[in-house]
Amino acid sequence: MKLALPLIFIINLLFIAPSHAQVNYRIDLTSPEHHLAQVEVVFPKSEGGELVVNLPVWRTGRYQVLPLADSIRKFNARDPQGNILPWHLSASGEWVIATGKPTEVTVSYQLYANRLGDRVSHIDRSHAFLDASGVFVYSPEFRDQAVSVSLKVPRDWRSYSGMDSGNQAHQFVAANYDVLVDSPIETGISTHRQFSADGRDYELVIWGEGNYDVEQMVSDLTKLSGQAKAIWQGYPFKRYVYMVHATSGARGATEHLNSTVIQYPRFNYRSRKDYLSFIKTASHEFIHTWNVKAYRPQGLVPYDYQDEGITQLLWIAEGSTSYFQSQLLLRASVMTPKEFLEDLAKRVEANQQTPGREVQSVSQASASKWVSTGGDYAKNHSANIYSEGYLASLALDFSLLQTTGLKHSYRDVHQRLYRDYKVPAGYRVEDVQAILQQLTGQDYRPWWQQHVDMPLVLDFDSLLAKAGLKMGYGSDSKAIAFSGIVLAGDSLTLAHVQRNGPAWLAGLTAGDELVAINQLKVTAKGFSERIKDFKPGETIKVTVFKDQRLQEVALTLSETQSGKLQLKSVVNPSDEQKAFFKAWLGIDWPFDDEGKLVKAA
């Protein structure tokens with residue numbers, strides 16, 4: 001018996017120890033009227049005489065430094081006896097707590113959560129959305145320790161997350177802070193559905209009222225979720241949660257380890273065009289579960305929550321995700337061939353109308369994403385990691401298909417990245433190039449230099465012809481006058497002036513205020529129709545306020561097409577072109593002998 005007691009004591013310590021090493025979070029959401037919550041974090045005993053506590057300065061999925069710590073007030077630190085511990089701010093989002101000796105520390109603070117559009121945090125009477133990057137502080141010393149999160153919520157709220165549930169209601173547990181920060185929580189009044197696809201469990205949680213059809217969403221998400229095997233072998237999750245916010249205007253989406261949050265205006269679900277936009281977003285974020293979350297560029301492994309992660313490969317992380325999003329929907333029959341080709345044509349046309357593609361490469365755009373600002377300057381002088389990254393992915397896919405005789409495609413590249421470079425590995429430019437050489441037996445560094453490290457210039461006619469497609473316009477399209485001006489909404493202020501376009505060459509710039517054309521007053525709504533009154537090549541007099549001074553400039557109009565760019569079948573497509581099309585998209589040739597899209601395709 002004397003030997004047994006110490007043994008039992010040791011066994012008890014083994015079971016008790018993990019709870020002491022765990023970081024415990026508690027958040028009180030019972031007074032949500034003013035977007036406020038009370039947060040408490042209990043950190044285990046630290047090793048030194050101080051404890052560093054951080055709140056990330058950016059959130060995953062958005063490559064931009066954000067003032068997240070400004071949401072914290074009434075920061076307080078105490079030891080287990082309740083004694084107040086002194087602290088000071090040492091950097092943005094960093095508190096240094098003086099403990100004097102190793103001790104457990106309880107940190108508490110007030111959180112202001114009203115950043116719905118940033119998908120960081122939002123609390124109101126109906127729900128709370130909590131992305132840990134803007135809600136829960138962490139200590140680098142305990143970043144790898146297990147965590148638990150307990151929520152105190154109004155009685156009729158329900159809580160959901162991609163994290164595992166704890167041993168009580170409204171509680172979640174995770175292996176470490178990295179899982180917590182990539183597993184947002186949605187709690188409140190919501191619609192909830194469960195479904196399965198390809199042996200995996202899924203949940204759909206919708207917050208907010210709107211004109212959406214829940215059953216259609218479940219049906220299409222089920223079809224989409226079952227298509228992952230078209231690219232990857234295996235899943236990085238057992239359970240996945242689609243969180244949807246039906247908002248009053250906020251829109252966007254963010255990928256996470258085991259879930260996504262999609263924000264879409266509450267009355268933008270009924271029309272086919274709007275619904276397609278929503279379901280394409282869902283597909284994009286679902287693909288990110290592999291491409292970015294399961295494997296990502298070395299510059300983002302591990303995440304440095306207090307600093308930027310620079311990489312030349314964001315075009316693969318984001319642009320390739322955009323490239324695959326409609327393909328999975330097409331394979332799942334959620335999107336028709338006609339809709340897919342319309343989407344691709346729109347992207348090609350937008351590329352041709354973006355002068356920045358001639359200035360910046362996709363690798364440069366990737367590396368500078370953290371400081372990109374968008375707007376007029378970006379359109380004229382920058383490439384976009386999403387849109388140009390999509391087209392670089394298209395070019396690489398077609399190159400692989402042609403080089404390997406349709407044996408390998410860009411999907412194989414991503415399968416190998418998933419197989420060989422799962423986090424925490426991280427992949428480099430050389431790793432992607434090595435995969436390309438393994439698949440083709442050729443050195444792809446010259447291709448990379450031309451298409452990735454230099455501004456992307458594609459011959460779309462010859463490229464698309466490989467798949468039996470050609471570009472064109474409808475029979476009702478005609479040449480019309482083009483000014484190179486985009487107005488700011490219903491304002492007469494110039495929001496964008498296309499570089500080397502008519503207005504640019506005339507000396508106009510973003511911020512100028514349009515007053516008249518040929519000395520006749522013009523309105524914002526009537527501007528585009530007024531331009532149609534003139535012919536391409538005609539010179540008009542444009543009156544503007546420039547720096548509050550009235551000026552008149554001569555503007556010579558150029559030419560554009562009145563219709564939208566279309567992708568059609570080439571005349572008499574060959575069997576090789578049809579086979580290329582199927583190897584590319586995974587569906588049979590969708591045109592009939594007359595070149596019309598078959599509705600049943």
Side-chain angles (χ1 to χ4, degrees), residues 16-29 31 35-60 65-113 115 120-121 123 130-152 163 166 171-183 185 302-308:
I16 294 172
S19 64
H20 286 301
Q22 181 171 281
V23 180
N24 295 309
Y25 294 86
R26 291 188 286 270
I27 182 167
D28 188 334
L29 299 162
S31 299
H35 314 294
L36 297 175
Q38 299 299 318
V39 179
E40 182 179 274
V41 190
V42 181
F43 292 102
K45 182 182 291 186
S46 61
E47 293 299 323
E50 66 179 25
L51 179 69
V52 177
V53 172
N54 294 101
L55 190 72
V57 299
W58 64 285
R59 65 154 177 77
T60 64
V65 173
L66 301 170
L68 302 180
D70 188 49
S71 296
I72 290 180
R73 294 290 187 272
K74 299 182 180 180
F75 187 93
N76 185 283
R78 295 178 181 270
D79 65 16
Q81 289 72 45
N83 299 311
I84 296 177
L85 300 174
W87 57 270
H88 68 276
L89 278 170
S90 58
S92 175
E94 182 168 284
W95 296 261
V96 178
I97 302 168
T99 60
K101 61 180 180 180
T103 182
E104 182 181 278
V105 175
T106 298
V107 169
S108 61
Y109 50 90
Q110 173 187 281
L111 176 75
Y112 178 69
R115 305 190 65 162
V120 172
S121 62
I123 300 171
L130 308 173
D131 181 313
S133 59
V135 176
F136 297 126
V137 297
Y138 73 100
S139 171
E141 184 177 344
F142 301 111
R143 175 172 169 173
D144 295 329
Q145 298 297 319
V147 301
S148 72
V149 183
S150 298
L151 288 68
K152 187 177 181 182
M163 288 184 286
Q171 183 186 62
F172 300 100
V173 295
N176 50 50
Y177 184 80
D178 291 286
V179 175
L180 170 62
V181 83
D182 236 335
S183 307
I185 298 169
Y303 283 137
D304 184 344
Y305 301 120
Q306 308 312 126
D307 203 355
E308 303 166 348

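- Considering only heavy atoms from C-beta on, V23 comes within 4.5 Å of P44 through its side chain.
- You'll find the side chain of V147 stays beyond 4.5 Å of the side chain of N24, heavy atoms only.
- Between K45 and E141, the closest heavy-atom pair is O-OE2, 4.4 Å.
- Side chains of D70 and I72 form no contact here, defined as non-hydrogen atoms less than 4.5 Å apart.
- Taking each heavy atom of P102 and S46 in turn, the nearest pair found is CB-O, 2.9 Å.
- Two rings, from Y109 and W95, have their centers 6.0 Å or more apart.
- Across all non-hydrogen atoms, the minimal contact from Q306 to G93 is NE2-O, 3.7 Å.
- Here CG of D178 is found 10.0 Å from OG of S183. Values are rounded to the nearest 0.5 Å.
- When every heavy atom of F172 is checked against every heavy atom of M163, the shortest pair comes out as CB-CE, 3.7 Å.
- Of the N and O atoms on the side chains of Q171 and S150, at least one donor lies less than 3.5 Å from an acceptor on the other residue.
- Side-chain atoms of T99 come within 3.5 Å of backbone atoms of G49 as a donor-acceptor pair (strictly under, hydrogens ignored).
- To the nearest 0.5 angstrom, I97 atom CD1 is 12.5 Å from I84 atom CD1.
- E94 places a side-chain heavy atom less than 4.5 Å from the side chain of V52.
- Considering only heavy atoms from C-beta on, L89 stays 4.5 Å or farther from F75 through its side chain.
- Atom OG1 of residue T106 and atom CZ of residue R26 lie 7.0 Å apart, to the nearest 0.5 angstrom.
- Using a 4.5 Å heavy-atom cutoff, the side chains of V65 and E308 are in contact.
- Closest non-hydrogen pair, V137 versus Y25, comes out as O-OH, 2.7 Å.
- The minimum heavy-atom distance linking L151 with L130 is given by the pair CD2-CD1, 4.3 Å.
- The closest side-chain heavy-atom distance from E50 to P86 is not below 4.5 Å.
- Here the CG-CZ distance, from L66 to R115, works out to 5.5 Å after rounding to the nearest 0.5 Å.
- Residues satisfying the ring pair (Phe, Tyr, Trp, His ring centres under 6.0 Å) criterion with Y138, sequence neighbours excluded, are Y177, Y305.
- Annotation: the span from D28 atom CG to L36 atom CG amounts to 11.0 Å, rounded to 0.5 Å.
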Given V149 and I185, is the side chain to side chain contact (heavy atoms under 4.5 Å, CB included) satisfied, shown in steps?
CA-CA 10 Å; V149 183; I185 298 169; 4.1 Å; yes
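- From L51, atom CG reaches atom CG of L85 across 9.0 Å, with rounding to the nearest 0.5 Å.
- A donor-acceptor contact under 3.5 angstrom links the side chains of Q22 and S148, judged on distance only.
- Counting only distance, with no hydrogens or angles, the side chain of H35 and the backbone of I123 share a donor-acceptor pair below 3.5 Å.
- Residues N76 and W87 are not in side-chain contact: their nearest non-hydrogen atoms beyond the backbone lie 4.5 Å or more apart.
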